[in-house]
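I have placed the structure first, in the form of structure tokens, so that the comments after it can refer back to it.
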Amino acid sequence: MTRAHDVTQIPLARPQLGEEEIAAVAEVIRSHWVSQGQKVAELEERFADYVGARHAVALTSATTALHLALLVSGISSKDDVICPSFSFVATANSIRYVGARPVFVDIDPHTYNLDPSLVEQAITRATKAILVVHQIGLAADLDALNQIAQSHGLVVIEDAACAIGARYRGKLIGAAQNLACFSFHPRKLITTGEGGMVTSHDGQVAAKLRQLRSHGASVSDVARHQAGGILTEVYDVLGYNYRMTDLQAALGLVQIRRLPGILARYAAIANQYTRALGDMQEVEVPYVPEYATHSYQSYLVRFTTRCRTPRDEVLRRMVARGISSRRGISPIHLEPLYASSSVRLPATEEAARATMFLPIFADMTDEQITFVVDSLKASIAQS
Ligand SMILES: *Cc1c(COP(=O)(O)O)cnc(C)c1O
């Protein structure tokens with residue numbers, strides 16, 4: 001691999017994978033137990049220990065994690081669930097899976113997360129839950145949101161798809177009492193190819209999640225195997241097949257060992273960007289409130305009114321230089337699927353117009369960071 005290639009073809013994100021992952025997956029293949037088993041149980045234990053939750057239940061994605069989290073929380077048709085629109089479409093889709101209605105509430109323009117005061121105003125008799133997103137790895141204001149939920153008798157579920165390793169008031173996301181749903185998609189900090197996790201402090205809820213992910217069976221595959229085929233499962237609820245495999249979990253076990261190093265590298269890259277761009281009048285760097293430790297799953301810059309070059313033109317120029325930048329998040333309420341909700345969300349719409357992702361991934365070199373910074377400055381300045 002030449003250096004020129006290295007510097008001028010920069011992806012937006014790239015998982016850190018190596019020989020250890022290959023060996024771990026190979027070991028599972030050699031064992032012949034390739035579906036859900038001991039490796040999944042081990043990953044669940046590691047994950048729960050890491051975030052500081054009593055239980056963790058592995059699923060096939062954050063999307064299926066959100067689906068089951070809403071289901072075990074008793075959310076169903078006739079219920080409204082408050083969520084942000086400045087998120088990935090899966091946030092709102094999961095609410096639809098249980099027959100409930102997503103009610104989009106605007107974000108704080110600085111944090112890109114739900115604005116607690118607007119959440120409070122949006123609560124009606126039909127509101128049953130708040131689906132809080134910790135967008136791009138920055139914790140939402142959990143104390144404020146939990147307090148609002150408590151005073152109105154609402155459930156809080158956390159969409160922590162981007163928030164592995166992110167902290168709220170020093171505690172890792174997942175340590176709070178709410179169900180929190182994580183993603184192991186390659187676009188996030190650590191990956192299992194596809195995969196997700198729900199954390200909970202409640203053993204009964206965890207057991208229910210395990211039953212629902214496995215067709216509703218009252219006995220797990222491992223328990224049945226260990227009983228030598230004597231145990232038979234009973235089906236008394238409508239379940240799903242949302243089982244992570246041991247192949248994925250073996251990958252995840254290596255990835256979770258890498259996590260501290262990955263988080264440190266993301267923070268270092270983000271700091272380098274912020275130092276290099278912080279003085280520019282044309283862009284605003286990410287805002288981090290005192291309560292949060294950003295995981296920088298993504299690094300989002302916002303163009304100010306001082307920037308004369310339109311955002312999409314800056315994007316085109318960056319792409320022409322071999323840097324795969326992306327515009328910010330597309331608001332869900334503007335997608336055709338959700339167009340019937342005629343809600344206006346000024347902060348969300350403005351953030352979508354004025355923001356852009358810069359590349360960030362663990363193996364990014366200092367030269368690549370410098371090249372991105374120089375290219376951004378040149379793309380803005382060029383007339
Ligand atoms: C990525 C993402 C999801 C979906 O995660 P999957 O594991 O791909 O299902 C949900 N919500 C948010 C905020 C995300 O960023």
Side-chain angles (χ1 to χ4, degrees), residues 12-15 43 47 56-71 81-98 102 104-105 107 111-114 129-140 142 145 156-166 168 173-174 178-199 209 213 240-245 248-249 251-252 255-256 266 286 292 294-300 326-333 335 337-338 348 351-352 355 357 360-361:
L12 190 63
R14 188 168 186 263
L43 180 63
F47 197 89
V57 178
L59 294 157
T60 50
S61 64
T63 306
T64 54
L66 287 165
H67 178 196
L68 295 194
L70 288 156
L71 206 57
V81 178
I82 287 172
C83 70
S85 167
F86 195 72
S87 187
F88 184 56
V89 70
T91 303
N93 286 352
S94 68
I95 296 167
R96 297 266 298 266
Y97 294 162
V98 298
F104 299 113
V105 167
I107 51 170
T111 64
Y112 306 114
N113 284 318
L114 279 177
I130 306 171
L131 183 45
V132 176
V133 179
H134 305 297
Q135 200 49 266
I136 64 169
L138 180 70
L142 273 178
L145 291 161
V156 175
I157 293 166
E158 298 175 43
D159 179 342
C162 304
I164 294 173
Y168 180 75
I173 295 299
N178 314 317
L179 293 177
C181 304
F182 297 86
S183 173
F184 302 124
H185 184 271
R187 181 71 181 74
K188 318 298 185 194
L189 277 139
I190 57 171
T191 189
T192 59
E194 297 276 1
M197 193 71 84
V198 184
T199 55
L209 288 166
R213 78 174 168 194
Y240 302 85
N241 183 353
Y242 286 170
R243 285 177 302 212
M244 180 188 276
T245 68
Q248 294 165 305
L251 194 51
Q255 290 273 295
I256 204 165
Y266 274 74
H294 209 313
S295 75
Y296 292 107
Q297 179 262 333
S298 288
Y299 190 93
L300 196 63
R326 247 357 108 69
R327 66 201 168 104
I329 292 159
S330 303
I332 303 172
H333 76 286
E335 295 295 341
L337 182 63
Y338 290 93
T348 296
T355 58
F357 287 125
I360 189 164
F361 48 94

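Atoms within a ligand are numbered from 1 in the order they appear, just like the ligands themselves.
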Item to check | ring pair (Phe, Tyr, Trp, His ring centres under 6.0 Å) partners for Tyr338, two or more places apart | outcome: Phe104
Next on the checklist: Geometry only, no angles: is Ser183 polar-contacting ligand 1 at N/O separations under 3.5 Å?
Outcome noted: yes
Checklist entry - Can you check whether Gln135 has an N/O within less than 3.5 Å of an N/O in ligand 1? => result no
Next on the checklist: Less than 3.5 Å apart, any donor N or O on the side chain of Gln135 or Ser87 sitting next to an acceptor on the other?
Outcome noted: yes
Item to check | Closest candidate by heavy atom, reference atom 12 (C) of ligand 1, pool Ser94, Ala161, Ser298 | outcome: Ala161
Checklist outcome for this item: Closest non-hydrogen contact found for Pro84 with Ile107 is CB-CG2, 4.3 Å
Checklist outcome for this item: atom 4 (C) of ligand 1 sits nearest the protein heavy atom Thr63 OG1, 3.7 Å
Checklist entry - Would one find more than 12 heavy atoms of other residues, nucleotides or ligands at under 6.0 Å from atom CZ of Arg14? => result no
Next on the checklist: If I apply the N/O under 3.5 Å rule, does Ser87 come out as touching ligand 1?
Outcome noted: no
Checklist entry - Among Lys188, His185, Arg187, His134, which residue places a heavy atom closest to atom 2 (C) of ligand 1? => result Lys188
Next on the checklist: Restricting to ring pair (Phe, Tyr, Trp, His ring centres under 6.0 Å), what partner residues turn up for Tyr97, sequence neighbours left out?
Outcome noted: His67
Next on the checklist: Tell me if a side-chain donor or acceptor on Glu194 pairs with a main-chain N or O of Gln248 at a distance below 3.5 Å.
Outcome noted: no
Next on the checklist: Just to be sure I'm reading this right: ignoring hydrogens, which of Ser61, Gly137, Ala62, Gly196 gets closest to atom 5 (O) of ligand 1? Compare them by their nearest heavy atoms.
Outcome noted: Ala62
Item to check | Sidechain-backbone polar pair: Arg213 side chain, Ala58 backbone, donor-acceptor under 3.5 Å | outcome: yes
Next on the checklist: Under 4.0 Å from a heavy atom of Cys162: which atoms of ligand 1 are those, numbered in the order shown and with their elements?
Outcome noted: 15 (O)
Checklist entry - Taking non-hydrogen atoms only, is Val133 closer than 4.0 angstrom to ligand 1 via side chain, backbone, both or neither? => result side chain
Item to check | Residue portion contacting ligand 1 (non-hydrogen atoms closer than 4.0 Å) for Asp159 | outcome: side chain
